[in-house]
Amino acid sequence: MVRTRFAPSPTGYLHVGGVRTALFNWLYARHHGGQFILRIDDTDQQRNVAEALQPILDGFRWLGIDWDEGPEVDGPHTPYYQSQRASQYQAAVERLLETGAAYRDYSTPDELAAERDAAAAEKRDFVYSRKWMATTAEDAARFESEGRTAVVRLKMPREGTCAFRDLIRGDVEFAWSREQDHVIQRTDGTCLYHLASVVDDADFQISHVIRAEEHLSNTPRQRFIAQSLGLEPPHFAHLPYVAEPGGSQKISKRKLTKYLKNRDFNDLFQHGTAIATALGRQVNADTFNPVIVDFYREVGYLADALLNYLVLLGWSLDDKTEEFSRAEMIQHFSLERVNKSPAGFDPQKLRATQARYMQALPSKQKVAMVVPFLQQAGLVASPPPCETGPMVSRLLEAADDRIKVAGDILSLTEFFVADESLEYDEKAFEKRVRKPDAKPLLVAFRAELAQVEPFDAASTEQCLRAFVESQGIKMGQIIHALRVAVTGKAVGVGMFDTLEILGRESCLARIDRACRLA
RNA sequence: GGCCCCAUCGUCUAGCGGUCUAGGACUCCGGCCUUUCACGCCGGCAACACGGGUUCGAGUCCCGUUGGGGUCACCA
């Protein structure tokens with residue numbers, strides 16, 4: 001039985017790199033008909049875990065990455081919080097102590113630092129002298145009488161190599177002599193991550209540990225712990241990390257300012273910021289950041305699109321397939337086809353993927369996605385009046401591919417504001433409405449518009465074409481002025497769709513108003 | 001610095017010794033479509049880091065160099 005896990009620390013946000021790791025774990029489990037477990041690594045947490053965990057769980061729920069065991073769903077191995085598993089860790093520490101795979105160490109931080117410095121001064125690798133290692137009860141008593149307190153350290157081998165097969169990297173080898181006697185239990189009795197992780201993976205019967213490359217060098221000590229405990233170590237697969245936009249370092253939430261200097265990343269961020277601002281939302285870098293998954297949800301990306309983008313970051317099926325539904329991802333995913341080298345986060349490709357998904361989204365779903373944004377922006381009442389559905393549906397049809405994320409609907413506010421509060425883009429107004437011939441043409445065409453029957457796209461188009469011909473002018477001489485008069489903007493959805501959606505009354509009122517202002 | 005990992009167009013990637021005059025996608029640049037914008041369509045630019053081997057033959061295997069990265073905690 002394949003059982004994989006993702007083990008987030010409750011940090012209050014879900015990082016895109018973390019999601020990619022979780023996604024690969026999830027896909028691997030689902031592909032093999034196995035289970036995906038969520039375990040909470042909160043051994044070092046003083047703050048409110050529940051509060052800091054919620055955004056992470058929400059993120060996974062939004063993405064549709066479901067877990068078979070873990071917070072909120074529980075399971076046969078509950079609890080899934082490391083902070084609640086101290087007794088298991090304690091038992092493991094005791095067993096390690098008994099078998100001699102670990103020892104109590106009474107050195108002080110200063111003494112240890114002195115040894116480290118000495119090693120550095122002599123330009124040799126630091127190897128702890130084990131001078132304050134207590135092997136007997138008498139040793140311990142003596143050290144304690146000196147007022148010392150103990151940590152528990154691993155008694156790592158100092159000869160030979162730790163060799164294992166990584167499912168992505170192939171055979172990997174580490175010399176035991178380079179390993180330190182890592183601390184597994186602190187002075188205060190709490191245990192450290194490596195011990196906890198190994199114990200949990202065994203207790204939860206994790207078969208495959210798929211995690212970021214940064215853990216590769218942690219693997220020897222974890223295998224040592226497992227072996228010393230008489231446990232069969234899981235299979236390991238170390239994923240390359242997700243690199244920052246335009247760079248080669250690991251992408252990090254804290255480097256937003258740096259990433260903003262990257263044009264594509266900046267575009268992605270600004271686009272999102274405009275939407276968030278239109279929603280009246282406070283934009284602060286701690287939560288509103290394209291490195292954090294929430295960003296995409298708030299701005300109106302499709303979870304499927306994000307996932308599709310992410311799955312291709314370090315994995316591919318073949319030389320051409322780019323689109324994967326969840327089912328297809330699950331069907332085709334394999335660790336053999338995961339790349340060894342880091343993959344850079346590319347905002348443009350993400351947006352292109354999103355755009356494709358949005359195009360393919362059925363109209364009904366698009367409407368359902370977009371309406372909440374209009375409500376949050378105060379442009380549509382909650383609950384929405386019954387004419388909203390058909391109107392938005394018609395508008396989306398007219399807007400076609402212009403709506404790339406749900407929040408883009410907020411760039412079409414002209415369809416939702418009252419005629420008298422429509423804002424005119426000053427530059428556009430100056431250029432197209434205040435120019436010499438515009439006003440008389442608008443006035444003349446307004447009279448035609450007042451008569452058209454029915455007032456729909458086809459008829460208004462016919463009407464305008466006839467008007468243009470009778471006046472002996474070109475389309476361009478009036479249509480731009482008309483657009484600005486009616487929408488306030490120089491760009492937007494098709495002219496005649498716009499007229500139809502706005503309706504005769506609004507169109508006439510807006511033309512009148514524009515002529516007055518001109 | 002020690003140890004470990006990695007290396008194909010700007011980016012994501014295909015390539016598992018000959019079918020590679022290196023394929024696809026995103027971006028970019030032309031052109032078409034067009035009332036604007038977006039879409040769409042057509043076309044184009046663009047890569048095997050370098051040096052040695054092995055081999056009849058190397059992007060593909062080996063070694064080295066260079067470059068990039070990860071990691072060296074009583075963090076996870």
Side-chain angles (χ1 to χ4, degrees), chain A residues 7-11 41-45 82 105 109 112 119-120 123-126 149-153 166 168-170 172-175 177-180 182-188 190-194 196-197 212-220 238 240-241 243 245-250 263-264 309 312-323 336-337 339-353 355-356 359 399-404 408 411 428 432 461 464-465 468 474-484 487 489-496 498:
Chain A
S9 293
T11 52
D41 281 15
D42 56 350
T43 56
D44 192 41
Q45 233 62 36
Q82 292 196 323
D105 178 55
L112 218 56
K123 291 199 161 91
R124 58 173 167 80
D125 293 330
F126 165 67
T149 50
V151 295
V152 176
R153 282 182 190 279
D166 185 284
I168 291 168
R169 282 161 210 275
V172 190
E173 234 182 73
F174 291 87
S177 61
R178 308 279 177 190
E179 289 290 318
Q180 301 299 319
H182 306 283
V183 173
I184 52 172
Q185 187 172 42
R186 300 182 180 92
T187 317
D188 66 5
T190 57
C191 291
L192 278 91
Y193 165 75
H194 296 291
S197 185
E213 182 193 343
E214 64 205 76
H215 287 284
L216 185 57
S217 55
N218 295 332
T219 310
H238 288 92
Y241 56 88
S248 53
Q249 266 143 295
K250 194 169 69 171
R263 186 175 53 100
D264 298 339
Y309 170 70
L312 257 10
L313 226 48
W315 176 84
S316 66
L317 174 64
D318 54 29
D319 58 340
K320 13 187 92 74
T321 316
E322 296 262 327
E323 284 206 42
E336 291 80 65
R337 294 200 60 85
N339 263 301
K340 292 191 180 84
S341 48
F345 182 81
D346 181 353
Q348 302 236 56
K349 185 127 186 179
L350 204 200
R351 294 178 73 180
T353 304
R356 270 206 326 269
Q359 277 180 40
D400 204 27
D401 300 314
R402 295 172 182 84
I403 306 295
K404 299 187 195 304
D408 283 339
S411 65
R432 320 244 67 148
E461 173 162 9
L464 182 66
R465 291 198 186 280
V468 161
K474 289 195 168 169
M475 187 71 105
Q477 286 174 264
I478 172 139
I479 201 162
H480 299 295
L482 181 59
R483 175 184 296 285
V484 176
T487 68
K489 295 172 187 165
V491 299
V493 307
M495 189 69 260
F496 307 105
T498 298

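Order of the sequence lines sets the chain letters (A, B, ...), proteins ahead of strands, with each chain counted from 1.
- When the side-chain nitrogen and oxygen atoms of A:Asn218 are compared with OP1 and OP2 of B:rC72, none of them lie within a distance under 4.0 Å.
- In this structure B:rG1 sits in a base pair with B:rC72, meeting the Watson-Crick or G-U test at under 3.5 Å.
- Pair check for B:rU19 finds none; no Watson-Crick or G-U wobble contact set falls under 3.5 Å.
- Between A:Leu464 and A:Met475 there is a side-chain heavy-atom pair separated by less than 4.5 Å.
- Among residues two or more places apart in sequence or in another chain, the side-chain hydrogen bond (donor to acceptor under 3.5 Å, both in side chains) test is passed with A:Arg356 by A:Glu323.
- For a distance-only test at 3.5 Å, the side chain of A:Lys349 qualifies as a donor-acceptor partner of the base of B:rA25.
- Listed candidates were B:rC6, B:rA76, B:rG69. Nearest to the side chain of A:Ser9 is B:rA76.
- Atom C1' of nucleotide B:rG40 and atom CG of A:Asp400 are separated by 10 Å, given to the nearest angstrom.
- Note on A:Met495: a base of the nucleic acid sits closer than 4.0 angstrom, heavy atoms only.
- Taking the nucleotide of RNA chain B with the nearest heavy atom to each of A:Arg169 and A:Arg153, the more 5' of the two is matched to A:Arg169.
- Rounded to whole Å, atom C1' of B:rC72 lies 12 Å from atom CZ of A:Arg178.
- Nucleotide B:rC45: unpaired (no Watson-Crick or G-U wobble partner with both distances less than 3.5 Å).
- In terms of phosphate contacts, A:Ser217 brings no side-chain nitrogen or oxygen within less than 4.0 Å of OP1 or OP2 of B:rC4.
- Between the CD atom of A:Gln348 and the P atom of B:rG10 there is a distance of 15 Å, rounded to whole Å.
- Remark: A:Arg186 is in phosphate contact with B:rC75, judged by side-chain N or O atoms under 4.0 Å from OP1 or OP2.
- Looking at heavy-atom distances under 4.0 Å, A:His182 makes no contact with the nucleic acid at all.
- Side-chain nitrogen and oxygen atoms of A:Arg337 include at least one within less than 4.0 Å of the OP1 or OP2 phosphate oxygen of B:rG15.
- In this structure, B:rC50 forms a base pair with B:rG64, meeting either the Watson-Crick or the G-U wobble geometry with both donor-acceptor distances under 3.5 Å.
- With hydrogens and angles ignored, a donor-acceptor pair closer than 3.5 Å exists between the side chain of A:His194 and the base of B:rA76.
- Between A:Thr187 and the phosphate of B:rC74, there is no side-chain N or O to OP1/OP2 separation shorter than 4.0 Å.
- On the C1' atoms, B:rU60 is 11 Å away from B:rC20, given to the nearest whole Å.
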